[in-house]
Amino acid sequence: MTAKPARTLVTSALPYANGPIHIGHIAGAYLPADLYVRYLRARKRDVVWVCGSDEHGAAITLRARKEGTTPRAIVDRYHAEMQEAFSGLDIAFDHYDRTSSEEHHGFAQEFFLELLEKGAFTEETRQQFYDPQEKQFLADRYIQGTCPKCQDDRAYGDQCEKCGSALSPDELIDPKSTLSGSTPEMRETTLWYLPMDRHESWLKTYLEDGVLDGEQHHDPKSWKAHVTGQCKSWVDGGLQSRAMTRDLDWGVPVPVEGADGKVLYVWLDAPLGYITATRNWAKKNGADWAPYWKDKDTQLVHFIGKDNIVFHCIIFPILLKEHGGYLLPHNVPANEFMNLEGDKISTSRNWAVWAKEYIDDFPGRSDEMRYVLASIMPEQKDAEFTWEDFQSRVNNELADVLGNFVNRVVVLTSKYFDGKAPAASGTWTSTDEALRELMASTPGAVGDAIERYRFRDALQHAMGLVRAGNKYLTEEEPWKVMKTDAQRTADILSLALQITANAAIVLAPFLPRTSEKIATALGTSDLPWDAAGGDLVPTGQPLGALPILFEKVTDEQVEVQRAKLGPDASQEGLRDVEAEKPGTSFDDFQTMDLRVAEVVAAEKVKGADKLLQLTVRTGYDERTVVSGIAEHFKPEDVVGRKVTLLANLAPRKIRGVVSQGMVLMASTEDGSLRFVTPDEGAEAGDIIR
RNA sequence: GGCGAGGUAGCUCAGCUGGUUAGAGCGCAGGAUUCAUAAUCCUGAGGUCGAGAGUUCAAGUCUCUCUCUCGCUACCA
């Protein structure tokens, strides 16, 4: 993109509406987009930024069931909560939409039908069980019946757990739906697949050379290495067909006769939400949405986290191109992940800094969090947020360098020139000239960095101007010069005021609130980016009030925040774990044969990361058990241990090895495993009951 | 197991197409200074650029092997 685009459409990943927003989300896809868009707006470019809640998918229905409520209630709650979190951090979308809206359903269906007409999908028609009561087709796992081989009456549609034989649903005797218990009927159904292998050739050119339809589309070197790298590895590895519909009752219904109980796959549904959002933005603002998605001189940029790369760079582009008429992304500046206090961010372990809680605890201090996240943004590798680092950046950089600089300038001007911008003589010393050059070049440096998605670098440039201002004041010592030379003092402070005004402009994308406060203190409300680099505060302009820009973060505040991490203490030991399974019977329990066993040998299964092949002694035989614990235990750690064995589990071939039983493990909150070990004195072969 | 991205000063990170003594911020040590939110400024110490081998007149920067971290994926739940 050397030529300036006529307009830019920016999207941020649609956050999934089943949990609150934390700083990892913010630093990944929202703050960078916000910085980029604020900058473009300041440059008076035509830019629209859309986002919205992703409200479909199985995870939401499961959560609703667990909480005893409806999917609608879940998404309504999080839709509201997420908007609050974003606005608390001044993440200012032009439009924030949601995928459960009527407009989106209508548009997504229309889009799907056009793709269908154009033959973008391959159709596979087959007989599948249908639950008339639940009005949906049943995945193999949702059907239970009697195994034709061993007559066990709890065989699933894909496999009998008792004898281990692989089954297909129609082999089952007396099949039942596990959803309703009713007898399913066979119906003809169509599945739609996206055959991605058809698209390998143009994708390769698009990703590697930035060429699309024979034209230069974007500069591939401007893409981040990890984005291009991951995409190329997918395409080179050969693309597979991917199902574009799911059997679910919560989502965009497939708009085809006889497709009851089928919805569009979320990865078809969600990115189309970008387009819906743009349409709704246009409707709201009396604008035309089409140029933003269809005109060749529009630039399309997707901000996402690294886990979404393939969908935005491969699958969505395929859909857009197949449909025709739509633009493909010109850049996808995906960020890596943000870690927290030495560990991964985890919603379930409450190892996160929640955007909403931050604003509750630090009201009005969104700029501080924006600043810190921008300075440590995971642009090319994973980054780490710690509260100590937060404190040190806020105190040393924002309060001491920026806040104090502005304060010095305003106080000196008030003291010596009655609070009005003094008149400069017009002759500058070489020191002055050097500083004026930096002032002139800083907006360009900041802007270039932002346009290349180098936000930390941009912030460094902006803060560099402030640092230079501090140095200038210290070296020129206006408080001494004033005693002998009022005009020279006026020159110094005049320049310092221009530096302050320029800093307010280049920092505005990062620190919108602070920038406004500085403008007010300089007696103006209008500091346009296009005037940056030169003199912005006219002679004689009366200065306004300057509040303390940044309070220091205290050690106590840091401690409070750190103490909040991890399992919630107020819950008094109650954990947020999976709901209990529905009741079972004593008879059912009796079918399981649990025994104490001793591991006598262990080795890694070749070609598998997670599997250990164990030889266990039961007291009456020795057998092989394959266990998925290799990531947590080395073979030498488990030999000699007494374990709990589910002895009568149907044998099953795993990675070429027949496993005769299962070793019971406790799964801890952090995802690691512990053996269920009998107390001292229990011997191999002891029966557990 | 396959693939991708990383591993650079105590900490957080920059280092584009290979080129003289490897950089920034913080922290640390010493000094200057007082207009200012005990703030600011200067100077300094500090790195065998994950390990090993290779290509080259020259490698943090290219090639190969190994190792660790993160992600995708497979096998697995």
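Keep in mind that the numbers below use all heavy atoms, side chains included, and drop hydrogens, waters and symmetry copies.
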Donor-acceptor contact below 3.5 Å, side chain [X] vs main chain [Y]:
X         : Y         : result
Tyr358(A) : Arg365(A) : yes
His25(A)  : His22(A)  : yes
Asp457(A) : Ala449(A) : no
Arg562(A) : Glu341(A) : no
Thr644(A) : Val676(A) : yes
Glu368(A) : Phe550(A) : no

(request) For G46(B), measure the glycosidic angle (O4'-C1'-N9-C4 for a purine, O4'-C1'-N1-C2 for a pyrimidine) and name it syn if it falls within 90° of 0, otherwise anti. (result) syn
Is the shortest side-chain N/O distance from [X] to OP1 or OP2 of [N] below 4.0 Å?
X         : N      : result
Arg452(A) : A14(B) : no
Lys552(A) : A38(B) : no
Asn396(A) : G27(B) : yes
Gln380(A) : G15(B) : yes
Lys381(A) : C70(B) : no

Complementary nucleotide for [N] - Watson-Crick or wobble, under 3.5 Å:
N      : answer
C3(B)  : G71(B)
U56(B) : none
G27(B) : none
C66(B) : G50(B)
A38(B) : none
G18(B) : none

Could you check whether [X] gets within reach of a base, just the sugar-phosphate, or nothing at all, counting any heavy atom under 4.0 Å?
X         : answer
Glu551(A) : nothing
Lys480(A) : sugar-phosphate
Leu473(A) : nothing
Phe550(A) : base
Lys221(A) : nothing

So which nucleotide from [options] ends up closest to the side chain of [X]?
X         : options                : answer
Ala225(A) : C35(B), C41(B), A5(B)  : A5(B)
Arg408(A) : U37(B), U40(B), C26(B) : U40(B)
Ala383(A) : A36(B), A5(B), C13(B)  : C13(B)
Trp479(A) : U34(B), C3(B), U12(B)  : U34(B)
Phe337(A) : U40(B), G4(B), C70(B)  : C70(B)
Ile376(A) : U12(B), U37(B), G4(B)  : U12(B)
Trp234(A) : U37(B), U73(B), C35(B) : U73(B)
Asn404(A) : U40(B), U12(B), C35(B) : U40(B)
Lys415(A) : U33(B), C42(B), C35(B) : C35(B)
Arg454(A) : U34(B), A14(B), C3(B)  : A14(B)

Whole-Å distance separating the [atom1] atom of [X] from the [atom2] atom of [N]:
X         : N      : atom1 : atom2 : result
Glu477(A) : U34(B) : CD    : P     : 7 Å
Tyr472(A) : C35(B) : OH    : P     : 18 Å
Lys471(A) : A36(B) : NZ    : P     : 23 Å
Arg467(A) : A39(B) : CZ    : C1'   : 14 Å
Glu384(A) : C11(B) : CD    : P     : 12 Å
Asp448(A) : A14(B) : CG    : C1'   : 17 Å
Trp387(A) : C26(B) : CH2   : P     : 21 Å
Phe405(A) : C35(B) : CZ    : P     : 17 Å

Roughly how many Å apart are [M] and [N], using the [atom1] atom of each and rounding to a whole number?
N      : M      : atom1 : result
A22(B) : A9(B)  : P     : 14 Å
G54(B) : A59(B) : P     : 12 Å
A14(B) : G23(B) : C1'   : 7 Å
U48(B) : C11(B) : P     : 13 Å
C13(B) : G19(B) : C1'   : 25 Å
U34(B) : G50(B) : C1'   : 47 Å
C28(B) : G71(B) : C1'   : 36 Å
G2(B)  : C62(B) : C1'   : 25 Å

(message) Quick check: on RNA chain B, is the nucleotide nearest Val409(A) upstream (toward 5') of the one nearest Arg456(A), or the reverse? Name the residue that is more 5'.
(response) Arg456(A)
(message) Go nucleotide by nucleotide along RNA chain B from the 5' end; which of Arg242(A) and Ala399(A) gets its closest nucleotide reached first?
(response) Ala399(A)
(message) Ignoring hydrogens and geometry beyond distance, is a side-chain donor-acceptor pair present between Asp432(A) and Thr429(A) at under 3.5 Å?
(response) yes
(request) Would you tell me whether Asn335(A) and Lys224(A) have side-chain atoms, one donor and one acceptor, within less than 3.5 Å of each other? (result) yes
(request) Classify the angle between the aromatic ring planes of Phe362(A) and Trp387(A) as parallel (below 30°), tilted (30 to 60°) or perpendicular (above 60°). (result) parallel
